[in-house]
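Just so you know, residue 1 is the first one in the sequence shown, and it goes up from there.
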Amino acid sequence: MKKIFLHLIISVLAFCAISCATLQQDVYTYTEDNNYIYSSIEVYEYQFIKLDSEYCLEPEAPMQAINNLLKEITTYINSTKVTEPFLIARLRAFEGLLYKMIGKNREAQNSLQEAYSLQKGDSYVQLLSSRLTKNKEEALLQIEKILTFDSKNAVLQLEKGKLFYQLKRYDQAVAAIDNAFILFDEEGLSDYREVYTPLKNSAWELNKTSDIGDIKLLDGIELPDPLTRRFCARFIWNAWVRKNGNQKMFTRYSDKYKKSGRTKSPVADVPVEDEDFDAILGVVEKEFMELPDGRNFYPDEEVTKLEFLTWLKSAEK
């Protein structure tokens with residue numbers, strides 16, 4: 001793991017260049033204790049960004065891991081000789097961000113107040129502040145304002161990408177995340193690229209599948225949890241049949257089998273009497289979806305929204 005705590009020094013120097021009002025309290029005194037503290041914060045920062053990346057991609061926060069890290073940081077603050085204001089501010093910012101992830105907004109706000117009073121220009125204090133705004137659009141405006149005079153702020157550049165991702169502006173998300181990676185790399189912080197690459201890849205794939213023409217049916221649709229291959233087949237087939245206007249397609253396959261007297265399904269795990277027999281055969285025959293092993297459809301296997309969108313895009317062609 002690279003020396004991620006260098007980001008602390010860079011953040012402080014950047015802030016000092018903007019405002020000398022707090023320069024007195026920002027001077028770092030090298031001691032063995034402080035060197036140990038730097039190393040500890042390096043570990044916490046890496047643990048935080050791993051949780052944050054997971055939080056960006058998953059519908060639910062990893063509660064146990066967040067609570068464990070939150071407890072560890074709080075204990076650390078109370079049990080060690082942390083005296084440098086910007087170090088305390090960074091720790092309080094992590095604490096507040098973790099509180100925010102699990103919905104404890106009051107505690108997150110308290111952490112922000114203390115962190116802001118110590119080092120308002122710290123990138124993670126700014127990040128916490130943006131996440132405590134009323135909505136994503138307001139957070140984006142706040143971040144853009146800071147970036148106009150602090151364009152090298154990699155943490156906020158990355159957050160801009162996350163916000164674009166959440167707002168489904170995937171092309172802008174990819175661009176912002178790429179810009180953030182370049183800034184982190186310049187600082188020798190390649191861990192960020194490693195940790196957040198899955199988020200960038202997801203944005204890239206979603207950007208490729210977001211333009212789904214006349215089948216823009218995901219907006220306002222409450223998808224089941226878990227999302228299964230059966231549901232995807234039913235949804236896609238119904239949408240495709242309605243789009244093409246041939247209502248007989250809804251029962252095309254089951255009607256043929258009844259008329260011929262055949263009872264053996266061509267799909268091993270989807271019998272003719274299955275309520276989704278027509279939908280599953282339809283999406284397979286049209287090659288909107290596939291038989292993973294050439295024989296079975298695995299109708300109850302769980303899938304991701306990204307897979308669902310990819311199949312929808314295939315049905316639109």
Side-chain angles (χ1 to χ4, degrees), residues 1-12 25-26 28-132 154-156 158-159 162 180 184 187-199:
M1 185 169 63
K2 296 290 188 295
K3 293 295 183 181
I4 204 169
F5 65 80
L6 289 176
H7 183 65
L8 279 166
I9 301 173
I10 293 168
S11 296
V12 171
Q25 70 177 19
D26 294 335
Y28 174 70
T29 304
Y30 181 85
T31 66
E32 288 186 7
D33 283 344
N34 280 337
N35 189 43
Y36 168 74
I37 291 167
Y38 261 125
S39 298
S40 300
I41 294 176
E42 170 191 354
V43 173
Y44 293 142
E45 185 164 345
Y46 185 72
Q47 290 178 348
F48 170 77
I49 64 175
K50 287 181 68 177
L51 286 174
D52 184 62
S53 177
E54 183 179 348
Y55 178 67
C56 290
L57 290 169
E58 298 296 330
E60 294 183 4
M63 297 291 288
Q64 184 174 348
I66 290 173
N67 279 316
N68 289 343
L69 182 56
L70 183 59
K71 183 178 179 181
E72 189 175 338
I73 290 176
T74 302
T75 301
Y76 182 79
I77 293 173
N78 295 330
S79 63
T80 56
K81 299 176 181 179
V82 184
T83 58
E84 300 297 333
F86 71 90
L87 293 177
I88 302 173
R90 176 61 62 90
L91 288 170
R92 288 300 185 196
F94 289 150
E95 183 182 64
L97 288 162
L98 293 166
Y99 276 133
K100 175 62 179 174
M101 283 184 186
I102 56 177
K104 293 187 176 182
N105 290 348
R106 179 177 297 180
E107 290 85 348
Q109 190 66 51
N110 290 338
S111 296
L112 174 62
Q113 288 176 359
E114 181 177 353
Y116 191 84
S117 68
L118 293 168
Q119 190 70 54
K120 65 181 181 181
D122 178 81
S123 57
Y124 272 95
V125 176
Q126 293 169 334
L127 174 61
L128 175 56
S129 177
S130 72
R131 289 197 180 177
L132 287 171
V155 170
L156 291 192
L158 179 61
E159 183 69 4
K162 297 173 199 172
F184 283 122
E187 297 174 16
L189 302 173
S190 60
D191 288 320
Y192 278 84
R193 180 183 289 273
E194 175 190 341
V195 170
Y196 286 101
T197 287
L199 177 64

Query raised in the report: How long is the span from the CD atom in E54 to the CE atom in M101, to the nearest 0.5 Å?
Result: 9.5 Å
Query raised in the report: Do the non-hydrogen side-chain atoms of I49 and S53 ever get within less than 4.5 Å of each other?
Result: no
Requested in this report: Would you check if R131 and K162 make a side-chain contact, meaning some heavy-atom pair closer than 4.5 Å?
Outcome: yes
Query raised in the report: Short question: side chain of T74, backbone of K71 - any donor-acceptor pair under 3.5 Å?
Result: no
Query raised in the report: Quick one: CD1 on I66 to CG on L98, what's the gap to the nearest 0.5 Å?
Result: 6.5 Å
Query raised in the report: So, for P62 and L51, which heavy atoms are closest and what is the spacing to 0.1 Å?
Result: CG-CD2, 3.8 Å
Query raised in the report: About how many Å separate CG of N67 and OH of Y99, when rounded to the nearest 0.5 Å?
Result: 9.0 Å
**Report entry** Interatomic distance, E42 atom CD to Q47 atom CD [nearest 0.5 angstrom]
**Finding:** 11.0 Å
Query raised in the report: Got a second to check how far L132's CG is from L127's CG, nearest 0.5 Å?
Result: 9.5 Å
Query raised in the report: Do E159 and Q126 have side-chain heavy atoms sitting under 4.5 Å apart?
Result: no
Report task. Decide, yes or no, whether a salt bridge links D122 with R92 under the criterion of side-chain N to carboxylate O below 4.0 Å. Result -> no
Query raised in the report: If you look at every heavy atom in S123 and L156, which pair is closest and at what distance?
Result: O-CD2, 4.1 Å
Requested in this report: Test side-chain contact (heavy atoms from CB on, under 4.5 Å) on Y44 and R90 and set out the steps.
Outcome: CA-CA 10 Å; Y44 293 142; R90 176 61 62 90; over 6 Å; no
Report summary line: Closest heavy-atom pair, L91 versus I73, reported as atoms and distance to 0.1 Å, is O-CG2, 3.9 Å
Report task. May I ask you to check whether F94 and F48 place their ring centres under 6.0 Å from each other? Result -> yes
Query - Rounded distance (nearest 0.5 Å) linking atom CG of D52 with atom CD of E45 - result: 11.0 Å
Requested in this report: Evaluate whether atom OH of Y116 has more than 12 neighbouring non-hydrogen atoms of other residues, nucleotides or ligands under 6.0 angstrom away.
Outcome: no
Query - Test side chain to side chain contact (heavy atoms under 4.5 Å, CB included) applied to A89 - qualifying residues, sequence neighbours left out - result: A115, L118, Q119, V125
Query raised in the report: Between A108 and K100, which heavy-atom pair has the shortest distance, and what is it?
Result: CB-N, 3.9 Å
Report task. Kindly assign one of parallel, tilted or perpendicular to the pair Y192 and F184, based on the angle between their ring planes and the thresholds 30° and 60°. Result -> parallel
